[in-house]
> 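Okay, handing you the structure first.
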Amino acid sequence: MDALVLQYVMNWLVLGCIYALVALGFSLLFGVLNVIHFSHGDVVIVAPFVVLAVLQGLVAAMPAATAGALALALAAAILAVGILGVIADWLVIRRFRRAPAMMALVATVALGTVVRELIRMFYPQGSNPKPFPRLIEAQVALGGVTVPVFSLLAIAVSVAMMGLLFAMMRFTPLGLRIRAVAEDRATARLMAIRPGRIFAATFFVASAVGAIGAILFASYAGAVRFDFGIQLGLIGFSGAVIGGLGSMLGAILGSLLIAGIDVLVQATMAEGASYRLVFAFLLVILVLVLKPSGLLGRPAIEKV
Amino acid sequence: MAAPSPLLETRGLTMRFGGLVAVRGIDLALGSGEVLAVIGPNGAGKSTLFNLVSGLYRPSAGTVHLAGEDITGLPAHRIAARGIARTFQTSRLFGDLTVIDNVIIGMHARTRTGVLDALFRPRRARAELAAAAERAEALLGLVSPDLLARRHTLAGTLPQADRRRLELARALASGPRLIMLDEPSSGMDDRDTDALVEDIAMTMAERPGLSYIIIEHDMRLVAALPGQVVVIDYGEKIAEGPFAEIRRLPRVQEAYLGHKATHA
Amino acid sequence: MAAAAPARAATLADRAIVAAGEAGGALILGLFLLAEDWRLITAVLVLCGAGFALLELRPAIEERIVAAFRRAPATALVLGAAIVLAYPFGMQGNSYALHLLVIALLYAVLALALNFQLGSANIPNFATGASYGIGAYASALLALEFGVSFWLTLPVAAAVATVFGFLLGFPSMRTRDTYLALVTIAFGIVVHQLLNNFDWTGGPNGLVGIPAPSILGHSFARPIVILGQRVPAQANFYYLALALVALAILAARRLHNSRVGLAWNALRGDELAARCQGIDVVWYKMLAFAVDAFLAAFAGSVYAAYVSYISPDNFTFLVSVTIMTMVIVGGMDNSFGVIVGAFLLTLLPEKLRIFSDYRLLFVGVVVILFLVLRPQGLFPQRPRSYGAS
Amino acid sequence: MSGILTRRRLVAAMALGAAVALAPVAVAQDKPKIKLGFIGPLSGGNAPQGLGARNGFLLAIEQANAGGYPYTVEGVVYDDASDPQTGVGAATKLVNDPDVVASIGHWNSSVALATIPVFDRFQMPVIIWGAISPKITEQNLPMVTRVTPTLVTENKPLAAWAVSGLGAKKIAIVADTSDYGTANAAAFGQFFAEAGGTVVSTDLLPVGTTDFRAVLTRIAGAGVDAIYFGGVITEAGLLRKQEGELGLTVPMIGISGFYDPEFIALAGPAAEGTMVSYPAAQSNPRLDKLDADYTARGFAEPSSPYTKYAYEAANILMAVIRDKGIEDKAALAAAIRAISYDGVLGTTTFDDHGQTQIPVEVIIKIVRNGEWVTRE
C-alpha cells in the first residue's frame with residue numbers, strides 16, 4: 001500500500017476507535033435508560049487529568065517505578081471516572097428518568113459546564129493545556145512506513161474493549177440484566193432485578209469505557225485541556241446517533257464513518273481542513289435524512 | 001341491503017413486516033349506515049387492518065376504496081379528512097390538554113384557520129374556534145353529560161370509562177362517514193361495558209348514516225351489535241356473516257374460542 | 001354556552017393584586033439591574049427563590065394571582081404598558097442596565113420563537129441560534145453592501161431565515177426526538193462554520209460598522225430626550241426590542257388560541273393520534289421550524305444594528321442551548337414564563353460577574369437546580385379558555 | 001390577600017438589601033480615587049492569555065499606587081469569555097461606571113471589534129493589548145489605540161527571513177480558522193510569496209482541532225522546506241508533537257503567538273528547533289524588571305506573552321491621566337495618540353490611526369535543549 005494512504009488509514013482507524021469508545025457509552029446509556037447524557041464527553045475527559053495527577057503524586061513519592069506507576073494511574077483513572085459517571089447519574093440524571101427527553105438533554109448540557117468548570121478551577125493551572133504522555137513511544141515498520149506502536153495499541157485496546165463489552169452484554173449475568181432492563185423495566189423488576197443497581201452499573205461501565213477512550217484521545221493528541229471533552233462528546237454522540245442509538249455495532253460504525261469523512265476531507269481537499277466540521281456534520285444530517293433511526297437503529301414502527 | 005357502491009371496500013389487503021405477513025388478502029365491504037364487527041384472537045391482524053385502512057401503514061398489496069375513491073396509501077391525515085375516524089385499543093387522548101381541547105382537535109379536518117388567518121384575522125379565527133367549542137360542548141353533552149361538566153379538566157386525569165367516551169366524542173367530532181373502534185371495551189368491567197353498549201347504540205340512533213367497524217373481544221358486546229361479523233385468524237378472513245351463524249362454525253370456535261378459552 | 005371557568009367581573013382586590021404584581025415585578029427587576037453589591041444581588045436572588053418556593057408550596061396563591069390577571073386584563077395591560085414604557089426613565093441613566101434590558105428582550109424574542117416549537121409542539125431545535133445568525137447576517141449584509149434601510153432589511157432577513165427554517169424542518173418529516181435534535185445541532189454547527197469560513201460574511205472577523213437605524217431623522221445611536229429627561233441611546237433599542245417582544249407575544253397568543261396552536265399541542269401529546277385527527281404533522285412541524293426562524297431573524301437583525309458588529313461567535317451552539325434552557329426553565333408553552341426564563345438567564349450570568357471565576361459554574365448549577373426543583377418550569381402551561389373574550 | 005402580604009415582606013427585604021448595599025466602606029484617603037478597566041478572556045480556552053494580561057494590568061496599577069501616583073487607582077477586571085456579546089456587556093458596564101476613566105482590553109479580535117463601538121460611542125479611551133486584527137485600527141475610532149503590533153508587522157520580516165535566512169523555498173501554512181489564524185495565514189502567505197518563496201498549501205483548521213495528522217501527512221507528501229504555523233500555544237504544541245511522530249523533520253516557524261514555555265512543555269522533545277520571530281526592541285532592562293516583578297508578586301498564573309502589553313497599556317493610560325486629568329476624555333484619547341512612551345516594549349508611539357509604531361525588527365528565537373534562546 002502507498003505509504004501516505006497507510007498513514008491516513010492508521011489515522012482514521014485510531015480516531016474512529018477512540019470516538020467509538022465514547023459513542024458506545026452514549027449508545028449503552030440510551031439503550032438502557034433512554035436518556036441522552038450530554039455531559040458524557042466532559043465526564044470522561046476527567047480521566048486523563050486523574051492519570052496526570054496520580055502519576056505526579058507517585059513520581060513525587062517514589063521516582064523510580066514508572067511503568068508500574070503508569071498502570072496504577074490508568075486503573076485509578078478508569079475507576080474514578082466510572083464512579084464519577086455513577087455520581088453524575090445519582091446527583092442529576094436520574095431525576096429526569098420520567099421527564100421529557102429534552103429536559104434531560106438540557107440538564108446534562110448544564111452538568112457538562114459544571115464538570116468542565118470544576119476541572120478548570122480545581123485542577124492546578126486548570127485553564128492551561130497539559131502535556132499528556134504517549135503511553136508507548138516505540139515505532140515499528142509496517143508496509144514500508146514507520147508506525148507508532150501506540151496507534152496499533154490504541155486500535156487493539158479499542159477493539160478489545162468493544163469485544164469485552166459485547167461479551168459482557170451477551171454472556172455475563174450483569175449484561176443479561178442490563179439487557180432485560182433495557183427491554184422492559186417493569187418485567188425486569190418482576191424478575192427481582194433492581195433497575196436502580198442496573199442503572200448505576202450501566203453508568204459505571206459506559207463511563208469507564210469512555211474513560212479509556214478519553215485517555216487514548218489525550219495520549220494520541222499529546223495533550224489534554226479542560227474543554228477537550230466538548231468536541232469529543234459531540235463527535236461521540238453523533239457517532240452513536242447516526243449508527244442508531246442503542247446499537248453498539250452502530251455506534252462503532254457511526255464513529256468510523258465520522259472519523260473517515262474527517263480524514264478523507266482533510267487528505268484530499270485543498271481547503272478541506274477548514275471545512276472538516278462542515279462535512280462531518282453534513283454527513284450526520286444526510287445519514288439521518290436517509291435513515292431516520294440511524295444506520296443500525298431499530299426502525300421506529302410504532303405499536304398502535 | 002348493501003348500497004350499489006359500498007362506502008368502504010378493501011380488496012386483497014395485505015401487509016408484510018419483513019418476513020411476517022400480518023394481514024393477507026382481506027376483502028371487506030361495508031355500506032353506509034352499516035355496522036361490521038371484526039373478531040379474532042390476539043395477534044390475528046385486526047389492529048393492523050385498522051392501521052391499513054386509516055393510513056398509518058401503507059399496504060404491501062391490495063386496495064382501499066372509500067365511496068368509490070381509491071385511498072390506498074394516502075397519509076393518515078388525508079384519510080381522516082375524507083371521513084374515516086378511529087379510536088385506539090389503548091386510549092390515545094391528548095392527556096395534557098383539556099377534554100374540550102381534545103374534541104376540538106377532532107374537528108381539525110373540518111376547520112380552516114391557518115397561520116396567516118390566526119395572525120391577521122383573529123376575529124375570524126376566534127369565531128371559528130368559538131363555534132367549534134360550541135359544537136364540541138354539544139357533542140360532549142350528547143355522549144355524556146358528566147364529561148361535559150368536566151370539559152375543562154385535563155384529559156389525562158379522566159377515569160377509564162370517560163376516556164373511552166371522550167375518544168368516541170373526538171372521533172365523532174370530525175363528522176366522519178365511518179368510525180373504526182378498536183376494542184372499545186378493553187380494560188372495562190361489565191358495568192362499564194354495558195354503559196358503552198348504550199353509548200354506541202345511542203350514537204347509532206343519533207347518526208343514522210354513520211358506518212362502524214368495531215374490533216371486539218367481548219362476545220356479549222358483539223352479540224349486541226347489529227350487522228355482519230368478520231372473523232380473522234393469522235391475518236386471513238376465515239368467516240363472515242351474522243353473529244348467530246358465525247359462532248356456530250367449528251373453525252371459528254377452534255380459532256377463536258381455542259385461544260380465548262380462559263376468557264370465555 | 002361557551003363560557004370559560006372564571007368570568008366574574010374584576011373586583012378591587014383583583015386590581016390591587018394586578019397592580020402589586022406588576023409594580024413589584026418591575027421593582028425587583030430594577031433593583032436587580034441596578035444592584036452592584038453582591039450582598040444585594042444575593043438578597044434579591046434569595047428573595048425570588050423564596051417567592052417561587054412559596055408558589056410551589058401554596059399553589060392557591062398562584063391560582064389567586066392568575067385569576068386576578070384573568071379577571072382584570074384591561075388593568076393589567078394598561079398598567080403593564082405604562083410601566084414598561086416608562087422603565088428606561090427609571091434606570092437613572094444607567095446605560096449598562098439598559099444594555100442588559102435590550103439583550104434580555106432580544107433573548108425573550110428568541111425564547112418565544114423557540115417556544116412555538118419546543119413548547120407548543122415539543123420539537124427539539126438546537127438551531128435557533130443559527131436562525132438568529134442568519135437573520136443578523138442577512139440584515140447586516142443588505143445594509144452594508146447595498147445600503148438598504150434597516151426597516152427594509154427586517155422583513156427580508158426574516159424571509160431568508162424562514163426559508164432556511166423550512167429547509168431545516170425538512171428532515172423532521174422522518175426523524176424524531178434525539179435524532180432530530182442531532183440534525184438541528186449539526187445544522188447549527190454547519191451554519192456557524194460556514195459563516196466563519198466564507199469570505200463574503202467577513203470570515204471570523206465578522207461584519208463591522210453596521211449602521212444604526214433611524215426613524216424620522218432620529219438616529220438610534222443618539223440618546224433620547226423627552227421633556228428634558230435624557231436617557232442613553234440604548235433606550236432606542238429598548239423600545240425597538242420591546243415592540244418586537246410585544247409582537248411576538250401577540251403572535252404567540254393568537255397562534256396558541258387557534259386551530260394551529262391546538263394542532264401543535266396535539267402532535268406534542270401524541271403524534272400518531274394527531275395524524276388520525278386529520279392533522280398534517282409534517283406540515284405543522286415544518287411550520288414550527290419556519291415560525292421559529294422567522295422570529296429569531298428579527299431578533300438577529302435588531303442585534304446586528306444595536307451592537308453594530310456581528311461575528312460568527314455570536315451564533316454558536318451554546319447560544320442555541322441557552323435559548324433552549326430559557327424555554328424549559330421558564331415553562332413550556334407559557335409566554336410569560338418563557339420571558340421570565342429569558343430575563344433570568346440573561347441577567348444571571350451578567351450579575352454573577354461579581355463571582356468572577358465561579359460565574360459559569362454557578363449558572364450551570366442554578367440551571368440544574370431549576371430543572372430538578374421545578375421541572376414543569378417556573379410558570380407552567382395553563383389550560384385554554386374558550387369564548388371568554 | 002396573601003399576595004399583598006408577600007409583597008410587604010418583599011419591600012422589607014428589599015429595604016434591608018439596599019441598606020446592606022449602601023453601607024459605606026470608610027477608608028480614609030487623601031488622594032482622589034479613579035478606576036481603570038480591563039477586559040479579557042479569563043475563562044474558557046483562551047484564559048491563559050487573558051489571565052497573564054490581567055496580572056500585568058494589576059501589577060502596573062499596584063506599582064503606581066505604591067509609587068506616588070497622584071490618584072489612587074483601582075483596577076476593574078471583567079471577563080469577556082472570548083464571546084463578543086459577553087464582551088459588549090463588560091464594556092457597557094465599564095462605560096457606565098462614572099469612576100472608570102479609561103480601559104484596556106481584549107485578546108480576541110472579534111470581541112474587540114464588538115466593543116470598540118461601545119467605547120467610542122460613550123467616550124472612553126481604550127487601549128487594545130492583545131487583539132491583532134488590522135480592522136480594529138483601520139476604522140480609526142478616536143477613542144481606540146493599540147499597543148500590540150498587528151500581524152502584518154510581525155509576519156513581514158519573518159517571511160523575508162524565512163526565504164533569505166532559513167533558505168526555505170517551499171512552505172506549508174497551517175493555522176486555525178479564528179481571526180488570528182486566518183489573518184496570520186493570509187499575511188504570511190502574501191509576504192512569503194512576495195519574498196520569492198512558494199506556498200505549497202494553506203490549511204486552516206477549526207479551533208479545537210486536536211489531531212493534525214491528516215493535514216500533516218499530506219504536507220509530508222508534498223515535500224516542503226518548512227511549516228509555518230499561525231496559531232496559538234495549544235494547537236502549536238500539538239502540531240509540533242504530531243509532526244515529529246510522522247517523521248516530518250522540517251522546521252516549524254511562526255510569529256510570537258506561541259513564543260511561550262508552555263509550548264515547549266506541550267510539544268516535549270519535538271519542540272527542538274522550532275523558530276519564532278520576536279520583536280527585537282522588546283528585549284530591554286525594563287522588560288527584565290517586569291519579569292522579575294511578576295515573579296516576585298507571586299501571581300497564581302504564569303505570565304503570558306501579553307502580560308507586557310497589558311502592563312504597558314495600563315502604564316500609558318496612567319501616564320496621560322497624570323498629565324491631563326480625568327475629565328476630558330477626548331483630550332485623554334488625543335494625548336494617548338500623541339505620546340512617546342518609554343516602557344517595557346521600548347518607545348511606543350502611535351500612528352494617525354492609533355496603531356503602535358514600535359519598529360519591528362525581529363530576532364529569531366529557537367528552542368534549544370528545551371528552552372527558548374535567541375538564534376544567532
Side-chain angles (χ1 to χ4, degrees), chain B residues 51 54-56 75-82 84-88 91-98 100-102 104-115 117-120 122 125-126 128-134 136-138 141 151-156 167 170-171 173-174 180, chain C residues 1-6 116 119-122 162 173 247-248 250-284 286-288 290-291 294-295 332-333 376 380-389:
Chain B
N51 292 341
S54 58
L56 292 177
H77 67 270
R78 290 263 166 76
I79 288 177
R82 278 167 173 71
I84 298 181
R86 67 169 291 178
T87 66
F88 298 91
S91 94
R92 300 192 82 141
L93 292 168
F94 305 116
D96 59 349
L97 299 179
T98 58
I100 191 165
D101 279 347
N102 270 273
I104 295 174
I105 289 170
M107 297 176 189
H108 187 85
R110 300 275 163 271
T111 42
R112 286 286 149 261
T113 304
V115 176
D117 286 328
L119 288 175
F120 299 114
R126 224 179 293 136
E128 188 185 64
L129 203 63
E134 220 164 300
E137 285 175 352
R151 64 189 178 282
H152 292 298
T153 56
L154 297 182
E167 270 212 296
R170 187 176 69 179
S174 64
M180 305 198 292
Chain C
M1 61 163 279
F116 284 112
S120 303
N122 197 23
T162 309
M173 258 189 241
L247 215 67
L250 192 70
R253 283 190 84 130
R254 287 188 170 175
L255 285 175
H256 179 76
N257 291 315
S258 80
R259 174 171 169 267
V260 179
L262 278 166
W264 277 332
N265 282 176
L267 74 91
R268 172 184 70 194
D270 186 334
E271 193 177 318
L272 203 124
R275 278 157 64 196
C276 289
Q277 310 309 316
I279 294 170
D280 183 350
V281 294
V282 171
W283 164 250
Y284 277 97
M286 287 173 70
L287 194 67
V291 172
F294 181 82
L295 266 180
M332 304 242 245
D333 217 10
Q376 73 276 41
Q381 184 202 3
R382 311 209 131 255
R384 290 174 178 78
S385 60
Y386 291 98
S389 54

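Each chain gets a letter, A, B and so on, in the order the sequences are listed, and its residues count up from 1.
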> Starting at OH of C:Y284, measure out to NE2 of B:H77 and round the result to the nearest 0.5 Å.
10.0 Å

> Please classify the contact between C:L250 and chain B as side chain, backbone, both or neither, with a heavy-atom cut-off of under 4.5 Å.
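C:L250 has no heavy atom closer than 4.5 Å to chain B.
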
> From B:F94 CZ over to C:L267 CG, what is the distance, rounded to the nearest 0.5 angstrom?
8.5 Å

> Any chance you could measure B:L119, atom CG, to C:L247, atom CG, to the nearest 0.5 Å?
9.0 Å

> Can you tell me how far the CD atom of C:E271 sits from the CZ atom of B:R92, to the nearest 0.5 Å?
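It is 10.0 Å, given to the nearest 0.5 Å.
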
> Let me know if B:T98 has heavy atoms under 4.5 Å from chain C in its side chain, its backbone, both or neither.
side chain

> Picking from B:R170, B:H108, B:R112, which has the most non-hydrogen pairs under 4.5 angstrom with chain C?
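Top count of heavy-atom pairs under 4.5 Å with chain C: B:H108.
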
> Distance check, rounded to the nearest 0.5 Å: B:E128 atom CD versus C:S258 atom OG?
9.0 Å

> Pick one of side chain, backbone, both or neither for B:R82, based on which atoms fall under 4.5 Å of a heavy atom in chain C.
neither

> State, to 0.1 Å, how close B:G55 and C:R275 come at their nearest heavy-atom pair, and which atoms those are.
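So the minimum-distance heavy-atom pair works out to O-NH2, 4.4 Å.
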
> Testing B:L97, B:I104, B:L129 one by one against C:R384 for a side chain to side chain contact (heavy atoms under 4.5 Å, CB included), which residue passes?
B:L97

> Identify which part of C:R268 has an atom lying under 4.5 Å from any heavy atom of chain B, answering side chain, backbone, both or neither.
side chain

> Got a second to check how far C:Q277's CD is from B:M107's CE, nearest 0.5 Å?
11.0 Å

> Can you tell which of C:G269, C:A273, C:A263, C:A251 has the highest number of heavy-atom pairs within less than 4.5 Å of chain B?
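Top option by heavy-atom pairs under 4.5 Å: C:A273.
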
> Is the shortest distance from a Lys or Arg side-chain nitrogen in B:R78 or C:D280 to a carboxylate oxygen in the other one below 4.0 Å?
no

> Tell me, side chain or backbone of C:F116 under 4.5 Å from chain B's heavy atoms, or both, or neither?
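Looking at C:F116, nothing touches chain B.
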
> Minimum heavy-atom separation for C:V260 to B:G114, with atom names?
CG2-C, 3.7 Å

> So do C:N265 and B:D101 actually touch side chain to side chain, heavy atoms under 4.5 Å?
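When only atoms from C-beta onward are counted, C:N265 and B:D101 do not touch, as no gap falls below 4.5 Å.
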
> For the side chain to side chain contact (heavy atoms under 4.5 Å, CB included) test, which of B:V115, B:D117, B:T111, B:I105 pairs with C:R259?
B:T111

> Tell me whether C:R382 at atom CZ has more than 12 heavy atoms from other residues, nucleotides or ligands lying less than 6.0 Å away.
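Result for CZ/C:R382: enclosed.
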
